[in-house]
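Scroll down for the structure; my scribbles are underneath it.
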Amino acid sequence: MPVAAAAKASTDRDTAREPARNGPDGPVVIAGAGIGGLACALALARRGIPSHISERREVFAEEGAGIQLGPNGTRILDALGVAGSLQPQTAAPDALVVMDGVSGRRLARLPLGDWMRTRHGAPYWTAHRADLHAALLKRVRSEPLIRLSMASGIVSAGQTDREVTAHLASGATLEGAVLVAADGIRSTLRGPAFTADRPGFSGKSAARAVIPAALLPEGLERNVVHIWLRPNAHVVHYPVRAAQEIAIIVVLEDQHLSEDWGAPVLPGWLHQYTSEYPPRLAELMGRPEWWRKWALPALPPVPRWVSGRVALLGDAAHPTFPFLAQGAVLALEDGMVLARCLASHGKDVRQALTRYETERRPRARAVVAQAEKNGRIYHLDGLMARARNTVLTTLPPETLMKRYDWVYGWKAE
Ligand SMILES: Cc1cc2nc3c(=O)[nH]c(=O)nc-3n(C[C@H](O)[C@H](O)[C@H](O)COP(=O)(O)OP(=O)(O)OC[C@H]3O[C@@H](n4cnc5c(N)ncnc54)[C@H](O)[C@@H]3O)c2cc1C
């Protein structure tokens, strides 16, 4: 059933499941029940492969703010049987409106909504991260092939020719045929085996807030993704929770150094930046009662994603700046490809994982590089900013949007 049809369903239906003809010789252990870990387990179950997700946190508490889901992501949510239950919580914005964050002038209105759905066969959604996570979790909990253990952080792993053993902080162990490290940007398992560095700080941080849609300043459209471009800063806001709320994210040059996803922002911190913003944007930025911020990490491309029976997935493999709104979607894509590779290579797990890395690495690299490029373009100043604005105001909106066909047109199989 296409996403458009699934969206009308009040509950999710069973996904087509292939028999485990050919899967690995044992369950897949997954470190991390974030977006990537949950989606990976569902993609495996869809192919009849059992998994055990081991999550470090005791409970899922504050779960971030907005997440954008392009057609390459909503297509996967449909295949995983999650789109129907998530859809009532999402919004399907009509357009991406680009604003000059200095003058307050509108630069471009790029098509999303029907245009995206027609062009790519699946919708463009915006959602609260907590709603996306909850929809995946609900589906995982109803799936007999998936076990989920909370308060079960994996601290290290060992492997033989036949199996992999995950060591938990509690001293317990988990055995499986494969270990998937979906343990996020500060992955514990992406250690010496992958010769990867610990992430540093990029010198940028992002602050997020959510407000009732009724508080959107007059003149700003509710069902639209807005992006305001300023020298060394940009602000994005869009509808979430059935367009009843607006998620706001501001990215700034900032020396905030913390590994916390949700550091509270002190009153007045943002004001030092926003006092010179154009009136409507300044008004918007003054609306939230609270903000939380996180430092955007910087990590050179991870040299290897696979070590024997252990594979990295999601942010653990390819941390990305949120400037193309593809971090969560890349993790969904990884899960689909990993499940296909494991199902099609039978007991030859090493070959399956090598194929997964070969297929995914170029795609992830290209998306990460485009996100970095977008960040540079968003934050331009002076003459360069004027040249950017001229391009945005003169090129046809569809032409600008078609440049992202390679991102949104991706299909898992
Ligand atoms: C609390 C939180 C809030 C976020 N808020 C936003 C947001 O507002 N906007 C945005 O764009 N992105 C946000 N993100 C990031 C976004 O979800 C990810 O970039 C993207 O979804 C990729 O997902 P992932 O599964 O690779 O990583 P994540 O979604 O980060 O999930 C990683 C999971 O692994 C768990 N984990 C970590 N170490 C271990 C271990 N050793 N053993 C077992 N489990 C472990 C973590 O607790 C987490 O549940 C947030 C992530 C988190 C965890």
Side-chain angles (χ1 to χ4, degrees), residues 29-42 52-69 73 76-77 126-134 136-137 140 148-157 166-170 172 174 179-191 199 205-210 236-238 240 247-251 259-263 291-297 299 302 305 310-335 338 360 364 367-368 371:
V29 176
I30 300 174
I35 309 289
L38 295 176
C40 178
L42 289 171
H52 187 159
I53 312 174
S54 191
E55 165 60 43
R56 181 170 62 186
R57 285 185 287 169
E58 287 177 21
V59 285
F60 298 113
E62 197 270 347
E63 294 290 349
I67 292 258
Q68 299 188 51
L69 296 163
I76 294 172
L77 294 174
T126 49
H128 197 294
R129 184 184 179 277
D131 294 336
L132 171 62
H133 191 264
L136 288 164
L137 192 59
V140 158
L148 169 62
S149 304
M150 300 298 292
S152 302
I154 296 179
V155 288
S156 64
H167 300 276
L168 276 58
S170 63
L174 289 175
L179 173 61
V180 177
D183 53 347
I185 194 156
R186 302 191 188 281
S187 168
T188 307
L189 293 167
R190 186 190 53 215
S205 65
R208 62 178 185 262
V210 180
V236 184
H237 54 96
Y238 49 80
V240 295
I248 312 171
I249 299 100
V250 50
V251 176
E259 299 196 353
D260 190 349
W261 270 108
W291 289 87
R292 293 190 184 278
K293 69 173 181 172
W294 74 102
L296 296 181
L299 183 70
V302 178
W305 293 15
V310 184
L312 305 176
L313 178 143
D315 279 0
H318 42 71
T320 179
F321 285 123
F323 310 149
L324 185 58
Q326 283 284 316
V329 178
L330 275 184
L332 300 177
E333 290 184 1
D334 287 349
L338 183 61
R360 289 301 297 155
V367 171
V368 169

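Whatever order the structure lists them in is the order used to number ligands and atoms, beginning at 1. In this chain, numbering begins with 1 at the start of the sequence shown.
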- Task: Evaluate the side-chain proximity of Ile248 to Trp291: yes if any heavy-atom separation is below 4.5 Å, no if none is.
- Result: yes
- Using distance alone, decide if ligand 1 has a nitrogen or oxygen within less than 3.5 Å of any nitrogen or oxygen in Ser152. no
- Nearest-0.5 Å distance that lies between atom CG in Asp131 and atom CD1 in Ile67: 11.0 Å
- Contact atoms of ligand 1, heavy-atom distance to Gly153 under 4.0 Å: 42 (N), 43 (C)
- Message: Under 4.0 Å, counting heavy atoms only: does Pro322 come that close to any atom of ligand 1?
- Response: no
- Task: Report, in ascending order of atom number, the atoms of ligand 1 lying under 4.0 Å from any heavy atom of Ile35.
- Result: 17 (O), 21 (O), 25 (O), 29 (O)
- Check: of Ala33, Gly184, Ala65, min heavy-atom distance to atom 30 (O) of ligand 1 comes from Gly184
- Note on the structure: Tested for side chain to side chain contact (heavy atoms under 4.5 Å, CB included) against Leu296, the lone hit among Pro322, Ser205, Pro319 is Pro322
- Note on the structure: Min over Glu55, Glu58, Arg186 of heavy-atom distance to atom 47 (O) of ligand 1 lands on Glu55
- Item | Per-residue contact class, Arg208 against ligand 1 - non-hydrogen pairs under 4.0 Å | side chain
- Message: Any non-hydrogen side-chain atom of Val367 less than 4.5 Å from a side-chain atom of Leu324?
- Response: yes
- Heavy-atom proximity to atom 52 (C) of ligand 1, best of Arg129, His318, His128: Arg129
- To the nearest 0.5 Å, tell me how far Ile249 CD1 sits from Phe323 CZ. 11.5 Å
- Message: Is it the case that ligand 1 has an N or O less than 3.5 angstrom from some N or O of Ile67?
- Response: no
- Query: Below 4.0 Å from any atom of ligand 1, is there a heavy atom belonging to Gly66?
  - Reply: yes
- Message: Within this structure, what is the CG-CG distance for the pair Leu313 and Leu179, rounded to the nearest 0.5 Å?
- Response: 11.0 Å
- Item | Leu312 CG to Arg360 CZ distance, which is reported to the nearest 0.5 Å | 13.0 Å
- atom 20 (C) of ligand 1: which of Ala31, Ala182, Ala328 has the nearest heavy atom? Ala328
- Message: Taking 4.0 angstrom as the limit and counting only heavy atoms of Ser54, give me the atoms of ligand 1 inside it, by number and element.
- Response: 43 (C), 44 (N)
- Heavy-atom side-chain contact between Ile53 and Leu38 under 4.5 Å: yes
- Hey, which atoms in ligand 1 end up nearer than 4.0 Å to a heavy atom of Thr188? 41 (N)
- Message: As a check for students: among Gly314, Ala316, Gly36, identify the option with a heavy atom nearest to atom 23 (O) of ligand 1.
- Response: Gly36
- Task: Please check if the side chain of His133 supplies one atom and the backbone of Ala33 the other of a donor-acceptor pair under 3.5 Å.
- Result: yes
